[in-house]
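Read the structure below first, then the notes.
Positions are given from 1 along the sequence.
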Amino acid sequence: MPLITRREAAELSGTTLGTVNKAIEQKVLLTKRRKGRMLLAPEDVGALALLAQTRVVLPVAVKRRIVAWARGGPEVNAELALDGALIVRMGPEVTEAVRLAERYVQLRERLVEVNPEVCGGEPVITETRVPVRSIARLIELGETREVLREDYAHLPEESFELAPLWAKANPRQGRPARPWATGKRTPVSELRPHVPAA
């Protein structure tokens, strides 16, 4: 099974990157290293979602126990008793997070291609020259599925489902966007505040 990045795990589980990093640091989640990157299994998304719903500060050993139980794929509404009074229940939203993560990985593997010979290595929809981030941006700006289907009839329907989630989980690296490229006018006085001489 293909693995997911820490950012993808955070996005799919509805937690933050800091939460994921802390779980890795505490060895609550175990990572696999590939090409210098720490990657997680898609099943870890359910464990992260379950931990996020547990709004109680838990010892690391208890977190590890919850994660081991969640990775076993318990049924919806299954319960894990922790120290008598505390019970963790596998809610439908946790099961849905795991299903979403598995679907995301399948779509990502099938639909996202990175080739230095195509669009300078920008991630594109497989066998096209359409950047994934461009589709995500159009959706973010409110473009309807009907218009996208018409404009990009050659793209698989799942591309429109995958693009926004992939773009959030894989932000552009490097220098931030230039403020003058957004079309928004910003007065010079706001770019560099004036400091009166003493």
Any sub-3.5 Å donor-acceptor pair from [X]'s side-chain atoms to [Y]'s backbone N or O?
X	Y	result
Glu8	Thr5	yes
Asp44	Leu40	no
Ser13	Ala9	yes
Glu79	Met90	no
Arg64	Lys27	yes

According to a 4.5 Å side-chain heavy-atom criterion applied to Ile, Leu, Val, Met, Phe, Trp and Tyr, with indirect links allowed, do [X] and [Y] form part of one hydrophobic cluster?
X	Y	value
Val88	Val56	yes
Ile139	Tyr104	yes
Leu100	Val112	yes
Leu3	Ile24	no
Val45	Leu50	yes

Closest non-hydrogen atom pair between [X] and [Y], with its separation:
X	Y	result
Val118	Thr128	CG1-O, 3.9 Å
Leu162	Leu111	CD2-CB, 3.9 Å
Thr126	Arg110	OG1-O, 3.0 Å
Val132	Val124	CG2-C, 3.7 Å
Arg89	Trp69	C-CH2, 4.5 Å
Pro42	Ala101	O-CB, 3.9 Å

Could you tell me whether [X] atom [atom1] has more than 12 heavy atoms of other residues or ligands within 6.0 Å of it?
X	atom1	answer
Arg149	CZ	yes
Glu75	CD	no
Glu109	CD	yes
Glu150	CD	no

Between atom [atom1] of [X] and atom [atom2] of [Y], what is the distance when rounded to the nearest 0.5 Å?
X	Y	atom1	atom2	result
Ile135	Glu140	CD1	CD	13.0 Å
Phe160	Glu143	CZ	CD	10.0 Å
Arg108	Glu158	CZ	CD	16.0 Å
Leu148	Leu138	CG	CG	6.0 Å
Thr95	Asn77	OG1	CG	8.5 Å
Ile125	Leu155	CD1	CG	6.0 Å

Side chains of [X] and [Y], heavy atoms from C-beta outward: is any pair under 4.5 Å?
X	Y	answer
Leu12	Leu165	yes
Gln53	Val94	yes
Leu82	Ile87	no
Pro123	Arg133	yes
Lys168	Arg7	no
Val67	Leu30	no
Arg145	Glu157	yes
Asn21	Thr16	no

Full working for side chain to side chain contact (heavy atoms under 4.5 Å, CB included) between Ile66 and Val62: CA-CA 6 Å; Ile66 292 171; Val62 173; 4.1 Å; yes

Worked check of salt bridge (charged side-chain N to carboxylate O under 4.0 Å, His left out) between Glu102 and Arg99: CA-CA 5 Å; Glu102 290 169 351; Arg99 189 200 64 73; over 6 Å; no

Begin from the C-alpha positions of His154 and Glu127 and carry the test side chain to side chain contact (heavy atoms under 4.5 Å, CB included) through to its verdict. CA-CA 10 Å; His154 61 290; Glu127 297 180 7; over 6 Å; no

Leu51 and Thr19: CA distance, side-chain angles, deciding distance, side chain to side chain contact (heavy atoms under 4.5 Å, CB included) verdict: CA-CA 10 Å; Leu51 286 174; Thr19 301; over 6 Å; no

Is the closest basic N to carboxylate O distance between Glu122 and Arg172 below 4.0 Å? yes

